[in-house]
Amino acid sequence: MSYFLGIDAGTQSLKAILIEPETGFRSEPISVHFGRDLPQYGSPDGFLPCLDPQIRRANPRMWLDALDLLLERMQQTGLPLEQVAGISGSGQQHGTVYLNHLFPLALNTLQRGQSLATQLVHAFSRQESPIWMDASTTTQCEQLRQHFGGRLRRDTGSDATERFSGPQIMKFAQECPAQWAETATVHLVSSFLASVLAGTNMPIDYGDGAGMNLLNLHTLKWDEEIAEYTAHGLLKRLPPCVPSTLAPGRLASYFAKYGLRPGIPVNVWSGDNPNSLIGTGGSLTGRAVVSLGTSDTFFGTLSELPTVPPRFGHIFGNPAGGFMTLVCFTNGSLTREHFRNQFKFSREEFETSVGQADPGHHQLLPWLVPEATPPVPTPKMKGNFDLKASTPGEFLRALLESQVLTMRYHAGNRQRPSQIRLTGGASASPALRQIVADVFQAPVVIGDSTEAAALGAAMRAANACGGFGFDELTEKFCTIRTTITPNPALSNTYDQALEQFAALIKSEI
Ligand code: XUL
C-alpha cells in the first residue's frame, strides 16, 4: 500500500493528512498550533504581535520547529510513515522567506541529532517573514501601479496588492538594502518548506507563484521587467516557477528520524487556496468554493485567462491545470471570534443568538482590521443601524451576513453558483452555513474533511508522485457529508440586503 502525505502550513497551525488512494483511507488531521504548542515564539495567532495593525510578520524558525513537532506527533500516533510514497504541501500564500548563501549547504548537511530550527538558524538574511496579513506596502503598490499601469493586472492576474510577495520584497529591498544584498534566495512559505523536506532549493509552482505580482500568466515565466523594477537583482534570487504537478525533490535523509523513507519524491508545494480548490472537489464548472478561515475566500476554476481581469480579485494557477479566480477578505474568523469573545458567548450561545435575529435587516462594514477586498487600509465598523443599541444577536447576525454579502458583491459574477463547497474552520457553524446558502441562494455542500488544504496537498502528492488522476482522487476523497438547502423565501430579502450593503460600501469608499 502507498500512502501520500499532505502538509498544510497555515497562518495559525501546521497540519497534516495521510491518504491511501487504493483503499480510500484518510487519516485524521494531526496538527501543531503555533500559539499553544510553540509559546516560545510569542505568536498566539501565528504572527508576532505588532502595535501597527498593518505590519504582520512571523518567525520562519517557528515553522521549522512546527515541522519537526508535527512529524514527531504523526510518528507517535502510529501512522505508517514508512509506507509514505510521496509528499506535497500547502503554504499560506504570499508570505516570503529570505535566505542567505548558507542555506543550500545547511540544508544539505542536516544532522538527525539536532532540530531543523537550530541547524538553519544562520541561513536567514531576514529574521522575520512578512505574511499575507501584512498591509504595509501601500507606497510600493502605488509605485508599481504608476510604473506599469493596467499591465500588472493583465499580465500577473492581480493589481498591485499590499499582501502580495512582490510589493513585500520591494519594501524590504528599499528599506534594508544591506540585508537585501545578503539575500541569495527569496522563497514563499510553500517553496521554503518544500526545500527543507528536499534538502535543496525547490521551485515555486504556478498556483502560489501567481500570488506575487511577479509571474507573467501569459508566458508562465517570471516577468523580467516587473521583477527588476520590484527589486534590483530579484530575478536571480527567485527559484524557477514550474507546473504544480512536478515532483523534482527527493526527501532528505534527515527525515528518516520520523520513519519516513529518504529519497521518496517531493512534489512542489502550492498555496493554500490552490490546494483547497483540489481538496474541496470544487473544480467542476459552475461550482464555487467558499473557505471560512482566518481570512474568508471565494474561488472557482477558469479554463482560460479572462480578457478583463477582476478588479479586486486575483487569478492563480489551478494545480489541476488552467487557472482559478480568488477573492480574499481579510476579516474572517479572527473578526468573528473577536466579537464572540467580546460578548463572552460560548459557541452555542453564538449560534442561538444569530439564529434568533431577523435575517436581512441590518448591514455593516465588517472591517475590524485592514481589509484586502475592497482595499481598506484603516479599519472601519460602520452599520446602517445603531450598532450600540442593537442586541448582541442583531449585531452578530449583521456581521455574519455582511461578511457573506461582501463575498456576493465582490465575486464579480452576477450568475449564481450551481453549488458552493464550503470549507475552513468556521464552516462548522450551522448559522453561518445557512447564511451562505441563503445569501447566494445556492445549495451549500460540506465535505467529509474540513482540512481542505491538507487534503488537497495529499491528493496532489498522490497525483504527482503516484500517478493517480484528479477525477479519481476527487471522487474518493471529496465525499459529501451534508448539503444545506437555501430557503427560497429569503431570496428577495437578500437581494434587497445586497442593494443596501452596496449603498453602504459606496458611501464609505
Ligand atoms: C489569498 C490570501 C489568503 C492567504 C491565507 O490571497 O491572502 O487566503 O492565502 O489563507
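Every number for a ligand or one of its atoms is a count from 1 in the order of the listing.
Gln434 and Asp438 are linked by a side-chain donor-acceptor pair at a separation below 3.5 angstrom, with hydrogens and angles left out of the test.
Scanning both residues, Ser276 and Phe299, for their nearest heavy atoms gives CB-CZ, 3.8 Å.
Where the criterion is an N or O separation shorter than 3.5 Å, residue side chain and backbone included, Gln93 meets it with respect to ligand 1. Of the N or O atoms in Gln92, none lie within a sub-3.5 Å distance of an N or O in ligand 1.
Close approach of ligand 1 to Leu326 is summarised as follows: ligand atoms under 4.0 Å from at least one heavy atom of the residue are 1 (C), 6 (O). In summary, the atoms of ligand 1 found under 4.0 Å from a heavy atom of Cys328, numbered by their order in the structure, are 1 (C), 2 (C), 3 (C), 6 (O), 7 (O), 8 (O). The Thr297 neighbourhood of ligand 1 comprises atoms 8 (O), with distances under 4.0 Å to a heavy atom of that residue.
With hydrogens left out, the protein atom closest to atom 7 (O) of ligand 1 is Arg163 NE, 2.7 Å, a heavy atom. Nearest to atom 9 (O) of ligand 1 among the protein's heavy atoms is Asp272 OD1, 2.7 Å.
Contacts of His94 with ligand 1, taken as heavy-atom pairs under 4.0 Å, involve the side chain alone. By the criterion of a heavy-atom distance under 4.0 Å, neither the backbone nor the side chain of Thr294 is placed next to ligand 1.
For Glu128 and Arg56, the salt-bridge test fails: no basic side-chain N is under 4.0 Å from an acidic carboxylate O.
Ring planes of Phe501 and Tyr409: perpendicular class, angle over 60° (limits at 30 and 60°).
Aromatic rings of Phe148 and Tyr229 (six-membered ring for Trp) have centroids within the 6.0 Å cut-off, being under it.
Heavy atoms of Ser295 approach ligand 1 to within less than 4.0 angstrom.
Here the rule is side-chain contact (heavy atoms from CB on, under 4.5 Å) with Thr294, and of Asp272, Asp45, Leu334 only Leu334 fits it. A side-chain contact (heavy atoms from CB on, under 4.5 Å) with Phe103 holds for exactly one of Thr200, Val97, Asn201; it is Asn201.
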